[in-house]
Amino acid sequence: MEANMPKRKEPGKSLRIKVISMGNAEVGKSCIIKRYCEKRFVSKYLATIGIDYGVTKVQVRDREIKVNIFDMAGHPFFYEVRNEFYKDTQGVILVYDVGQKDSFDALDAWLAEMKQDLGPHGNMENIVFAVCANKIDCTKHRCVDESEGRLWAESKGFLYFETSAQTGEGINEMFQTFYVSIVDLCENGGKRPFTNSSASFTKEQADTIRRIRNSKDSWDMLGVKPGASRDEVNKAYRKLAVLLHPDKCVAPGSEDAFKAVVNARTALLKNIK
Ligand code: GTP
Ligand code: MG
């Protein structure tokens, strides 16, 4: 039996699970949990000191689930406290603030911290991850859009939700789907539930969309050297068009990436004799 699987129980009987929250300081981890458990929002920032612990009961299908929630402090200062709490976890709520690019870029480092603390025998494959793109109510400051977040999450087989702890948007839906997925995982012998979206696009498509987003000019976007010939531009374009055409590619952001590639090709061909 896998290390982080809870004890097997008869269907219909109660199940005890452990979930943790993860993500940079101030992204809204505690507020998301408070919004779900206490139906309220506190606008004043009260940094979590180390870990906050709570127990709650939820019903999933015919099962009663006892949930132990460990709400982690995001500040690097609390690393030594956090690292005790990663093991034996069935679900992770991984949060970033859509108005703070740093908090989105930090998601990989959070996964790395968890992986490191679980050690060589720890298995991240049998943990359900729910990524929360939080503070979507702050539309003016938003700098990480939905397709970018969704692409990151779904290419890893994680659930993705747009949330606001302030308005409550997306919170119940997130927890319900999260708990159902954890129960499915427990009932499926510890295998993360198959999600359509995680299997419907390739790593190459996801990486290409990310590369296009981050490209510095049209040459870079098409992946050709500045000064390339018409033939080279057209060849590069065709390759990307086949990979990203919206009829063929369902990866989040593929439509925008495809449009950007079309525009880049048009702009380059205008200036090449
Ligand atoms: P640490 O415990 O330090 O790791 O931070 P945290 O991630 O738990 O953040 P917390 O939940 O304490 O929220 C940080 C600040 O963001 C607080 O001032 C909250 O009121 C605010 N906040 C949290 N969620 C939202 C949201 O969805 N929208 C808006 N506008 N503010 C939010
Ligand atoms: Mg907190």
Side-chain angles (χ1 to χ4, degrees), residues 17-56 58 67-87 89-118 127-150 152-153 158-179:
I17 61 168
K18 172 182 170 183
V19 308
I20 62 174
S21 68
M22 249 162 62
N24 278 9
E26 239 177 295
V27 294
K29 300 180 292 299
S30 303
C31 284
I32 286 173
I33 293 167
K34 199 166 274 154
R35 164 60 73 187
Y36 182 71
C37 296
E38 299 172 24
K39 311 276 175 268
R40 65 192 182 101
F41 175 72
V42 182
S43 59
K44 187 167 183 279
Y45 175 41
L46 297 162
T48 303
I49 308 298
I51 304 273
D52 272 344
Y53 169 71
V55 190
T56 173
V58 290
V67 188
N68 294 287
I69 304 185
F70 293 80
D71 177 25
M72 308 247 211
H75 197 282
F77 179 78
F78 295 109
Y79 170 68
E80 295 295 336
V81 184
R82 283 198 302 270
N83 68 8
E84 298 292 316
F85 289 89
Y86 285 117
K87 59 181 185 304
T89 294
Q90 284 80 45
V92 176
I93 302 168
L94 185 56
V95 186
Y96 67 93
D97 173 349
V98 296
Q100 294 285 339
K101 183 77 163 58
D102 287 0
S103 69
F104 175 66
D105 293 338
L107 296 179
D108 284 307
W110 281 102
L111 293 182
E113 179 177 307
M114 180 171 193
K115 198 170 173 29
Q116 188 188 351
D117 290 327
L118 289 180
I127 298 170
V128 175
F129 284 85
V131 176
C132 295
N134 193 40
K135 305 199 188 182
I136 56 164
D137 55 286
C138 302
T139 45
K140 271 194 192 149
H141 303 287
R142 183 156 190 168
C143 58
V144 185
D145 68 25
E146 178 174 352
S147 63
E148 194 173 2
R150 197 177 274 285
W152 185 89
F158 297 172
L159 302 165
Y160 172 86
F161 300 91
E162 298 255 299
T163 60
S164 166
Q166 187 188 68
T167 65
E169 197 178 338
I171 303 288
N172 282 346
E173 186 203 345
M174 185 277 286
F175 274 99
Q176 270 156 25
T177 312
F178 181 55
Y179 289 140

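Counting begins at 1 with the first residue of the sequence. Indexing begins at 1, ligand by ligand and atom by atom, following the structure's order.
- The structure places CG of D105 at 10.5 Å from OH of Y96, a figure rounded to the nearest 0.5 Å.
- At a cut-off of 3.5 Å, with distance as the only test, no side-chain donor of S103 or D97 sits close to an acceptor on the other residue.
- Nearest non-hydrogen protein atom to atom 25 (C) of ligand 1 is K135 CG, 3.6 Å.
- Contacts between K34 and ligand 1, counted as non-hydrogen atom pairs separated by less than 4.0 Å, are absent for every part of the residue.
- No donor-acceptor distance shorter than 3.5 angstrom exists from the side chain of R35 to the backbone of E169, with no hydrogens or angles considered.
- Looking from atom 13 (O) of ligand 1 to the surrounding protein, the closest heavy atom is G28 CA, 3.6 Å.
- Taking the side chain as every heavy atom from C-beta outward, V42 and K34 approach each other to under 4.5 Å.
- Residue contacts with ligand 1 for A73 involve N, CA, C or O but no side-chain atom from C-beta outward (heavy atoms, distance under 4.0 Å).
- Judged by distance alone, with hydrogens and angles left aside, the side-chain atoms of N134 form no donor-acceptor pair with the main-chain N or O of V95 at under 3.5 Å.
- Close approach of ligand 1 to C138 is summarised as follows: ligand atoms under 4.0 Å from at least one heavy atom of the residue are 30 (N).
- Taken to the nearest 0.5 Å, the CE atom of M22 stands 12.0 Å off from the SG atom of C132.
- With a 6.0 Å radius and a threshold of 12 heavy atoms from other residues, nucleotides or ligands, F77 has its CZ atom at or below the threshold.
- Excluding waters, the count of protein N/O/S atoms less than 2.8 Å from the Mg ion (ligand 2) comes to 2.
- Taking atom 28 (N) of ligand 1 as the reference point, the nearest protein heavy-atom neighbour is D137 OD1, 2.8 Å.
- The nearest heavy-atom contact from the protein to atom 7 (O) of ligand 1 is K29 NZ, 2.8 Å.
- Taking a cut-off of under 4.0 Å to the non-hydrogen atoms of V42, the atoms of ligand 1 that pass are 19 (C), 20 (O).
- Counting only distance, with no hydrogens or angles, the side chain of K101 and the backbone of C143 share no donor-acceptor pair below 3.5 Å.
- In terms of modelled atom types and a separation under 3.5 Å, the side chain of D145 and the main chain of E148 share a donor-acceptor contact.
- Each of the following atoms of ligand 1 lies closer than 4.0 Å to a heavy atom of K44: 18 (O).
- Remark: among candidates T48, D52, V98, the nearest residue to atom 2 (O) of ligand 1 is T48, based on non-hydrogen atoms.
- E26 N, 2.9 Å is the protein heavy atom nearest to atom 5 (O) of ligand 1.
- Considering backbone and side-chain atoms together, G74 places an N or O closer than 3.5 Å to an N or O of ligand 1.
- For atom 3 (O) of ligand 1, the nearest protein heavy atom (residue, atom name, distance) is Y45 OH, 2.4 Å.
- Between the E162 side chain and the A133 main chain, no donor and acceptor come within less than 3.5 Å of each other.
- Closest of all the heavy-atom pairs between E113 and R82 is OE2-NE, 2.8 Å.
- A donor and an acceptor atom, one from each side chain of Q116 and Y86, are nowhere located under 3.5 Å apart.
- Protein heavy atom at the shortest distance from atom 18 (O) of ligand 1 is S43 O, 2.9 Å.
- Residue contacts with ligand 1: A25 is placed with no nitrogen or oxygen under 3.5 Å of a nitrogen or oxygen of the ligand (distance criterion only).
- Heavy-atom separations between R35 and ligand 1 are all 4.0 Å or longer.
- Within the structure, ring-ring contact (aromatic ring centres under 6.0 Å, His included) pairs that include any residue of residues 31-53 comprise Y36-F175, Y53-F70 (at least two apart or interchain).
- Counting the atoms of ligand 1 from 1 in the order shown, those under 4.0 Å from a heavy atom of F41 are 20 (O), 22 (N), 23 (C), 24 (N), 25 (C), 31 (N), 32 (C).
- With distances taken over non-hydrogen atoms, the option nearest atom 27 (O) of ligand 1 out of G99, A165, G170 is A165.
- Looking only at heavy atoms of the protein, atom 24 (N) of ligand 1 is closest to N134 ND2, 3.2 Å.
- Residues C37 and I69 come closest through the heavy atom pair SG-CD1, 4.4 Å.
- Side-chain contact between S21 and I33 is present, with heavy atoms from C-beta onward closer than 4.5 Å.
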